[in-house]
Amino acid sequence: MKEKLIDLLTKSVNSLTDDFDSSQMLIERPKLLAHGDFSTNIALTLAKSLKKPPREIAQLIIDHLDESEVFEKIEIAGAGFINFYLNNKALTSIIQNILKHQERYGSNTSGQNEKIQIEFVSANPTGPLHVGHGRGAAIGDCLARLFEFSGWQVTREFYYNDAGAQIDNLTKSVMARCNHIDPSDSTFPEDGYRGDYIKEIADLYLNKQKVVCEGITIQSNGDINDEELIKKFSVATLRNEQDKDLAAFNVKFDTYTLESSFYESGAIDQVVDTLINNQLTYTKDDALWLKTTKFGDDKDRVMKKSDGAYTYFIPDVAYHLNKWERGFKRVINEQGADHHSTINRVRAGLQGLQKNIPKGWPEYVLHQMITVMKNGEEVKISKRAGSYVTLNDLIDEVGCDATRYFLVARRPDSQLVFDVDLAKAQSNDNPVYYIQYAHARIEAVLNQSGEQLTKLNQDHGYQYQTEAEKSLIKKLSEFPDLVYLACMELAPHQIANYLKDCAAEFHSYYNDSKFLVDEKQTKLGRLSLIYATQQVIKNGLRLLGISAPNKM
RNA sequence: GCGCCCGUAGCUCAGCUGGAUAGAGUACUUGGCUUCGAACCAAGGGGUCAGGAGUUCGAAUCUCUUCGGGCGCGCCA
């Protein structure tokens with residue numbers, strides 16, 4: 001529809017002037033129904049070069065427009081906007097188009113089946129997932145769904161930092177608990193993790209339990225001095241916990257990659273050798289440095305510490321090289337904004353390998369921190385202090401659907417305040433129920449209609465004329481564009497907001513019109529509209545990973 | 001001090017590549033169920049889009065600047 005309009009307008013304008021850059025032409029969907037179904041500013045942008053008043057140009061464009069069967073009327077408004085109003089045939093075809101494509105309505109093939117990897121959550125296996133990880137999980141998973149819907153071959157990946165200093169801290173913490181050292185005790189490891197879950201792991205270990213992670217069984221022997229075993233046991237236990245939480249959050253991953261695997265495969269040594277060979281390193285203070293400033297970083301970074309261990313970012317570079325070698329031309333990393341400084345380093349390290357990896361690769365979506373409020377006070381999230389708002393708690397108390405909606409409905413880069421009491425107390429006022437209610441309400445009407453649903457996608461000849469009807473149809477027709485945009489802009493929150501608007505249009509229509517009327521044509525016409533609405537809501541909710549219940 | 005993000009209604013937040021009268025939820029005040037699901041709808045009040053300057057037909061949106069908040073700036077990840 002839009003393409004057709006662009007085509008018509010371009011032809012018209014070309015007959016008026018040779019000097020026309022079609023990129024200046026903006027076709028939009030006006031917010032107000034009174035401004036039509038489509039609108040263009042073209043006359044305004046041409047005013048200067050043609051040296052004529054915009055409204056006069058607008059009239060000329062309309063005069064030169066090829067007759068189209070799609071529009072009921074075309075008018076000039078305001079400073080020189082041209083507004084297009086769809087006729088009934090076009091409105092009906094929008095509905096029929098939705099009913100024809102069903103669960104594929106809104107999808108597109110812009111991805112051309114290219115591979116894309118989305119890495120998200122990637123929490124360290126040092127504690128349960130908290131609300132911040134939940135935000136990452138919700139955003140990352142919705143992005144993945146958006147890309148799938150846009151014709152991409154998506155791989156969801158989770159990266160475990162199971163090597164490095166934080167794992168040593170974890171191990172020491174569990175060992176301390178095995179020795180019955182309380183976190184308040186002065187001999188408890190200074191950088192240790194103090195949460196109660198550490199004690200639970202220690203108890204399991206002391207009771208000689210076994211833990212199975214990714215098919216590998218780790219059997220505790222209860223030996224409180226077996227550091228290596230305690231490490232493996234703790235990491236495996238926590239990974240299982242995290243996987244369980246994610247499963248409860250309706251998030252699944254295709255692949256898991258372990259930081260330790262790059263040590264074992266020698267990939268890290270290779271990266272270091274390459275960087276040394278490319279003469280991008282130097283030694284200072286007994287440490288090995290990488291000249292990341294050559295690639296836009298604000299200072300050089302230590303690769304290898306004076307004690308011989310690598311800093312975290314070398315494994316990160318090796319990991320991303322691995323992603324590149326796996327053939328992902330697009331990689332999106334979803335992570336918390338507190339990690340934003342790694343972006344430059346990872347990209348710099350990759351450039352330093354001189355393997356023709358694009359400068360802006362990989363892409364990043366950063367979500368801002370969440371302030372958690374409880375009992376009117378801010379809860380500081382700190383794994384080390386053991387104060388927590390776990391994702392698991394939220395799912396238990398607020399529900400998976402509501403939690404997902406809440407965490408994905410805001411722009412990733414807005415700092416959001418998650419008031420736990422409010423989310424619990426007002427769970428019935430959560431917008432997600434408003435949307436689901438629309439879906440269930442339509443289901444109830446369709447059930448009582450006594451009509452075969454397959455009859456609804458035949459031409460019934462009904463005239464859509466009320467504001468509520470036109471406004472709802474317009475909203476439904478925007479869905480495919482919106483999906484495309486949300487995907488391009490890596491902004492899944494737009495889907496959430498759209499669904500709320502869409503549900504509002506429906507509820508408004510519901511109170512405005514009766515569907516189950518005697519007059520057959522009216523009944524079929526209206527039912528097909530709400531049937532299409534239900535389909536769009538269902539498709540949208542699926543993109544958010546939220547259920548679309550028929551009853552609630 | 002330097003870098004990134006943000007500042008929109010009392011509160012929580014939308015506002016698409018600059019467009020027409022800046023929107024929604026919540027809270028507050030009213031009205032609407034003997035008939036398709038009231039977890040709903042309709043109406044009302046509530047704004048210096050943090051302040052200032054610039055760019056242009058046109059700015060919440062782009063640029064600069066001041067102020068305010070968050071995050072990062074480690075041989076932690």
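Side chains included, hydrogens not; waters and symmetry mates left out as well; all remaining heavy atoms used.
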query: Which listed nucleotide (B:C71, B:G19, B:A39) is nearest to the side chain of A:Met369?
result: B:C71

A:Tyr433 side-chain N/O to B:C40 phosphate OP1/OP2 under 4.0 Å: no

field: Those residues that, when tested against A:Ser122, pass side chain to side chain donor-acceptor pair (under 3.5 Å) (two or more places apart)
entry: A:Glu119

Pairwise P distance, B:G32 and B:A38 [rounded to whole Å]: 16 Å

task: Determine the interatomic distance between P on B:G7 and the same-named atom on B:A42; round to the nearest Å.
output: 29 Å

field: Distance, rounded to the nearest Å, where A:Tyr434 contributes OH and B:A38 contributes P
entry: 13 Å

- prompt: Looking at A:Lys305, does any N or O in its side chain come under 4.0 Å of the phosphate oxygens OP1/OP2 on B:G74?
  reply: no

message: For A:Phe406, does the six-membered ring have the charged nitrogen or CZ of A:Arg410 within the cation-pi criterion, i.e. under 6.0 angstrom from the centroid and within 45° of the normal?
response: yes

- line: Side-chain atoms of A:Ala440 come closest, of B:C75, B:G37, B:C6, to B:G37

field: Contact state string [nucleotides 13-18 of chain B, B base, S sugar-phosphate only, - no protein heavy atom under 4.0 Å]
entry: SSSBB-

field: P-based separation of B:G3 from B:C76 [nearest Å]
entry: 26 Å

field: A:His339 ring over B:G72 six-membered base ring, under 5.5 Å and 30°
entry: no

Between B:U26 and B:A39 - P atom distance, rounded Å: 14 Å

query: Where the side chain of A:Asn41 is defined as all heavy atoms beyond and including C-beta, which of B:G19, B:C75, B:A77 is the nearest nucleotide?
result: B:G19

- request: Specify the separation, in whole Å, of atom CG of A:Asn333 and atom P of B:A77.
  value: 18 Å

- prompt: Between B:G72, B:A39, B:A77, which nucleotide has the shortest distance from any of its atoms to the side chain of A:Asp338?
  reply: B:G72

- prompt: Between B:C75, B:A77, B:A20, which nucleotide gets closest to the side-chain atoms of A:Asp285?
  reply: B:C75

message: Evaluate A:Asp316 against A:Arg345 for salt bridge (Lys or Arg N to Asp or Glu O under 4.0 Å), listing each step before the verdict.
response: CA-CA 9 Å; A:Asp316 271 4; A:Arg345 291 175 219 182; over 6 Å; no

query: When the C1' atoms of B:C40 and B:G45 are considered, how many whole Å apart are they?
result: 23 Å

message: Could you tell me how far B:G18 sits from B:C49 if I compare only their C1' atoms? Round to whole Å.
response: 15 Å

field: Listed nucleotide nearest any side-chain atom of A:Asn511, set B:C73, B:C40, B:G37
entry: B:C40

- prompt: Is there a donor-acceptor contact under 3.5 Å from the side chain of A:Tyr437 to the main chain of A:His507?
  reply: no

field: Rounded interatomic separation in angstrom, taking OH from A:Tyr310 and C1' from B:C76
entry: 18 Å

message: Is any side-chain heavy atom of A:Ile167 closer than 4.5 Å to one of A:Lys231?
response: yes

task: Using a cut-off of strictly less than 4.0 Å, decide whether A:Lys284 has a side-chain nitrogen or oxygen near OP1 or OP2 of B:C75.
output: no

field: Donor-acceptor under 3.5 Å (A:Thr40 side chain, A:Ile42 main chain)
entry: yes

- prompt: According to a strict under-4.0 Å criterion, is A:Arg526 in side-chain N/O contact with OP1 or OP2 of B:C36?
  reply: no

message: Expressed as a whole number of angstroms, how long is the span from A:Arg441:CZ to B:C36:P?
response: 10 Å

task: Given salt bridge (Lys or Arg N to Asp or Glu O under 4.0 Å), test A:Arg301 with A:Asp297 step by step and report yes or no.
output: CA-CA 9 Å; A:Arg301 306 289 166 180; A:Asp297 204 355; 2.9 Å; yes

- request: Between B:C13 and B:A53, how far apart are the P atoms? Round to whole Å, please.
  value: 30 Å

message: So for A:Asn83 and B:A20, does any side-chain atom that can act as donor or acceptor lie under 3.5 Å from a complementary atom in the base?
response: yes

statement: Applied to residues 511-536 of chain A, the ring pair (Phe, Tyr, Trp, His ring centres under 6.0 Å) test, sequence neighbours excluded, yields A:Tyr509-A:Phe515, A:Tyr510-A:Phe515

Between B:C71 (P) and A:Ile343 (CD1): distance, integer Å: 17 Å

- prompt: Choosing from B:A39, B:C5, B:C75, which nucleotide comes nearest the side chain of A:Gln368?
  reply: B:C5

- prompt: Roughly how many Å is it from CG in A:Asp298 to P in B:C2, rounded to a whole number?
  reply: 13 Å

- prompt: If we take the P atom in both B:G69 and B:A59, what is their distance in whole Å?
  reply: 30 Å

task: Answer yes or no: side-chain N or O of A:Ser39 and base N or O of B:A20 forming a donor-acceptor pair under 3.5 Å.
output: yes

query: CD1 of A:Ile442 versus P of B:C40: gap in Å, rounded?
result: 15 Å

query: A:Phe406 CZ to B:U26 C1': how many Å, rounded?
result: 12 Å

message: Measuring to OP1 and OP2 of B:A42, would you say a side-chain N or O of A:Ser508 lies under 4.0 angstrom away?
response: yes

statement: Winner on side-chain proximity to A:Pro30, out of B:A20, B:C36, B:C71, is B:A20

- request: Taking the six-membered ring for Trp and the single ring otherwise, decide whether the centroids of A:Tyr160 and A:Phe158 are under 6.0 Å apart.
  value: yes

field: Closest to the A:Ser341 side chain, choosing from B:A20, B:G72, B:C75
entry: B:G72

- request: Using modelled atom types only, decide if a donor and an acceptor are shared between the side chain of A:Tyr159 and the backbone of A:Phe120 within a distance under 3.5 Å.
  value: no

